[in-house]
Amino acid sequence: MTMLERIRKPGDIKKLKKKDYERLAQEIRNFLIEKISVTGGHLASNLGVVELTMALHLAFDLPKDRIVWDVGHQAYTHKLLTGRKDDFDELRTYGGMSGFPKRRESDCDAFDTGHSSTSISAGLGLVEARDLAGEDYAVISVIGDGALTGGMAYEALNNASRLKTNFIIILNDNNMSISENIGGISKHLNSIRSAIPYNKLKQSTESTLSKVPVVGDSLIRQIVKTKSLIKQVFLPGMLFENMGITYWGPLDGHNIEGLSRVLHEARHIRRAVVIHVLTQKGRGYGPAEENPSRFHGVEPFEISTGLPKRKKAGESYTDIAGKTLVELGGKYPSMVAVTAAMPDGTGLTPFSQAYPDRFFDVGIAEAHAVTFAAGMAAGGLKPVVAVYSSFLQRAYDQILHDVCIQELPVVFAVDRAGLVGSDGETHQGIFDLSFLSSIPNMSVIAPKNGWELQAAFRYAMVYEGPIAVRYPRGQAFMGLKTYQAPFVHGKSEVLFRGGEVALLAVGSMVETACQVRALLLEKGINASVVNVRFVKPLDTDMLNDLAVDHSLYVTMEENVLRGGFGEAVGRHLNQMEARPDLLCIGIPDMYVEHGNVDILKREVGIDQDGVFEKICRRLRLDVDDR
């Protein structure tokens, strides 16, 4: 029996002998590489925290003690050590195990996570809940060095500095977020990484003085103030200690026994303590060690080479966006590009190479990215903020207050809009139409295909106000190329003009609308198809015009129905005298779990069959006789 096969439930790792720890760590790495090569998932981050996770499970008692994983994509080893080995065959599949901690999945998952920089806040809340209830358990928040660029982490640290009770913060320092870390925090941690002499000096000094008869302990107390000065020499800034938080480290994050001892000691500290551990992202798998960014989140791959199993079918929307922005950068010298630690994911790496002085990676700090862009726009530049839809949610206040109130010409390149698949609830981009459309002065474009995405960015560069271009994940739809009406602000594009039923489709749903139109033709219904193009401002002229010969409007959007395009159409119809019936197709009032995008679309009823069946029911047509 392998070491890993002996782990069937929480605490089983404590039954192993110390000499077996390294063997278990290797088995875990082999298991993760094998499984993720089949299912896809987050690989490099998980390979980097194997020993750290083992040490946590050796030092603490789960589920009594609570571990909060920042982001949570590095919790695969945690899932293995809590008895979920057999669930990895269905990792990130619909109905299968999530790639993130989920409280509904296990009592050992203390808090649901998915976005960065949240673990210290959540852990601090658990600490206060514990103390107010008079309970006795340890709370450990694990946060990466990349997540420390998020302002929320510092808000939580500021609060934690006042604690007079135990709270353990593990700083997992691999010098990476998704891409390589940048900025002052990274420089500060680099200075700490090179500060091993300070720790050796501290240990040897205290050991020597404690052996001096009678006066040894007194001397130790006398040099407390001097020790602070020594720290300033060896550790520039002493960020954590200066905040009133005990700092231990840096420690070898791959030394299981050493980490376990430190963690045992840390639970007796009556204040917040940061334990700084150094880990290697992608450890134990050559391709991931060499290119940890590419192996952050991977599709199924060949273990021997690290190359994807499936060949890329065509250009993605992200690829097209990246190339178009490089083209526009050459045309507009005032154009600058901003990303929040995701130059590769948002397609901005080519722009950063072409125009390094006009490219800004602000780290995991979406709120800062938006206001930073607002400042540049106020100074006469034309900023493009490229960000995933689900992460843009973190900057709603800044979009509203700092960009839109001032009507500043900031372009938002909203990638991963709509259902994104395997990362699940925290990453589905199904809210942006609602929250962006709710903001005065904001315009929102949803292009129907890759060609129109290029045109949308070209239009956005000359538009003199806040504007968002939202597009989905994955291979770009390149059909309907010949249907390309010029951009006119706030105007839609009628692709097919028929009668009775008007399919008003937003972005990715235009392709689906064309498929539904073909099914309706079999029923004798020649439906119109409208490429909405501008979700905001609403094309009321188009809605009024179609009312002449259409009795049913069907809005189609890959967004939640609440606050979405369909509701906007409904508000306008309520003001019309000749009022067509309205059927709104979109995401119900729910969070959508992880799974293949095609499966998810079917489950929420926005695939072609789901839309067709809804229309047939509304028109009282038999669905099965087509």
Side-chain angles (χ1 to χ4, degrees), residues 417-419 429-438 443-448 452 468 470-472 477 480 490-520 525-576 578-590 592 601 604-619:
L419 295 167
I430 58 176
F431 302 100
D432 58 89
L433 288 183
S434 299
F435 71 76
L436 289 173
S437 296
S438 72
S443 295
V444 182
I445 301 175
K448 68 178 181 290
E452 194 163 88
R470 63 105 68 173
Y471 45 97
F477 172 56
L480 300 172
K491 295 302 177 183
S492 302
E493 176 189 39
V494 179
L495 300 176
F496 302 99
R497 182 66 187 253
E500 188 175 356
V501 176
L503 305 175
L504 313 178
V506 175
S508 62
M509 296 299 289
V510 171
E511 180 183 8
T512 305
C514 293
Q515 297 166 346
V516 172
R517 178 178 182 271
L519 296 176
L520 289 172
I525 298 173
N526 183 20
S528 295
V529 175
V530 177
N531 167 28
V532 170
R533 188 180 274 173
F534 279 87
V535 175
K536 187 183 181 184
L538 185 67
D539 189 352
T540 55
D541 290 340
M542 175 270 296
L543 294 175
N544 294 338
D545 177 60
L546 291 178
V548 174
D549 51 4
H550 291 78
S551 59
L552 175 64
Y553 287 174
V554 181
T555 62
M556 301 170 59
E557 58 191 309
E558 200 171 333
N559 187 81
V560 292
L561 289 169
R562 286 186 177 272
F565 173 70
E567 284 195 359
V569 171
R571 285 192 296 273
H572 179 72
L573 294 186
N574 286 336
Q575 300 170 13
M576 293 171 57
R579 186 183 306 171
D581 192 12
L582 177 63
L583 173 61
C584 295
I585 305 293
I587 311 294
D589 187 22
M590 61 182 290
V592 181
K601 286 184 176 181
V604 299
I606 65 170
D607 65 330
Q608 68 174 50
D609 289 336
V611 176
F612 175 71
E613 290 171 9
K614 288 182 175 71
I615 294 173
C616 287
R617 286 197 296 270
R618 179 62 63 91
L619 297 176

Please report the closest heavy-atom contact between Ser528 and His550, naming both atoms and the distance.
OG-NE2, 2.7 Å
May I ask you to test the Val611-Met556 pair for a side-chain heavy-atom distance under 4.5 Å?
yes
Do Phe477 and Lys448 touch side chain to side chain, with heavy atoms closer than 4.5 Å?
no
Can you list the steps and then say if Asn526 with Arg517 is a side-chain hydrogen bond (donor to acceptor under 3.5 Å, both in side chains)?
CA-CA 7 Å; Asn526 183 20; Arg517 178 178 182 271; 3.1 Å; yes
Quick one, Asn531 with Val506, criterion side chain to side chain contact (heavy atoms under 4.5 Å, CB included). Give me CA distance, side-chain angles, the key distance, then yes/no.
CA-CA 6 Å; Asn531 167 28; Val506 175; over 6 Å; no
Side-chain touch Asn544/Met576, heavy atoms, less than 4.5 angstrom
yes
Criterion side chain to side chain contact (heavy atoms under 4.5 Å, CB included) on Thr512 and Leu503, from CA distance to verdict:
CA-CA 10 Å; Thr512 305; Leu503 305 175; over 6 Å; no
Can you check whether Ala547's main-chain N or O pairs, donor with acceptor, with Tyr553's side chain at less than 3.5 Å?
yes
Rounding to 0.5 Å, atoms CG (Leu520) and CZ (Phe612) come to a distance of 5.5 Å
For the residue pair Pro580 and Leu552, establish whether any side-chain heavy-atom pair is separated by less than 4.5 Å.
no
Quick check for you: to the nearest 0.5 Å, what is the distance between Leu546 atom CG and Leu504 atom CG?
6.5 Å
One pair to check against side chain to side chain contact (heavy atoms under 4.5 Å, CB included): Arg497 and Val494. What are the steps and the verdict?
CA-CA 7 Å; Arg497 182 66 187 253; Val494 179; 4.2 Å; yes
Could you measure the distance from the CD1 atom of Ile606 to the NZ atom of Lys601? Nearest 0.5 Å is fine.
6.0 Å
Considering all heavy atoms, the nearest Cys584-Thr555 contact:
CA-OG1, 3.3 Å
Hey, could you give me the CD1/CD1 distance between Ile615 and Ile585, rounded to the nearest 0.5 Å?
6.5 Å
Which pair of non-hydrogen atoms, one from Ala468 and one from Leu436, has the smallest distance, and what is that distance?
CB-CD1, 3.8 Å
If you apply the rule side-chain hydrogen bond (donor to acceptor under 3.5 Å, both in side chains), what do you find for Ser508 with Glu558, and how did you get there?
CA-CA 7 Å; Ser508 62; Glu558 200 171 333; 2.5 Å; yes
Which heavy atom of Asn559 sits nearest to which heavy atom of Ser434, and what is that distance?
ND2-OG, 3.0 Å
Electrostatic pair Arg533:Glu452 at N-O distance under 4.0 angstrom:
yes
So, do Phe565 and Leu538 sit near enough that their side-chain heavy atoms are less than 4.5 Å apart?
yes
Of all residues at least two apart in sequence or in a different chain, which pass the side chain to side chain contact (heavy atoms under 4.5 Å, CB included) check with Ser437?
Val444, Val535, Lys536
4.5 Å side-chain heavy-atom contact, Ile587 and Val592:
yes
Quick one: list whatever passes side chain to side chain contact (heavy atoms under 4.5 Å, CB included) with Asp539, sequence neighbours left out.
Lys491, Ser492, Asp541, Met542
Note, Val516 side chain near Val529 side chain (heavy atom, < 4.5 Å):
no
Any side-chain heavy atom of Asp581 sitting closer than 4.5 Å to one from Leu573?
no
So which heavy atom on Ala505 is nearest to which on Ala513, and how close?
CB-CB, 3.7 Å
I'd like to know if Lys614 pairs up with Asp609 as an ion pair, taking the criterion as any Lys NZ or Arg NE/NH1/NH2 lying under 4.0 Å from an Asp or Glu carboxylate oxygen.
no
Roughly how far, to the nearest 0.5 Å, is CD of Gln575 from CG of Leu543?
11.0 Å
Would you give the length of the straight line joining atom CD of Glu567 to atom CG of Leu582, rounded to the nearest 0.5 angstrom?
10.0 Å
Are more than 12 heavy atoms from other residues, nucleotides or ligands located less than 6.0 Å from atom CZ of Arg618?
yes
Note: Gly610 and Asp607 closest approach over all heavy atoms is N-OD1, 3.0 Å
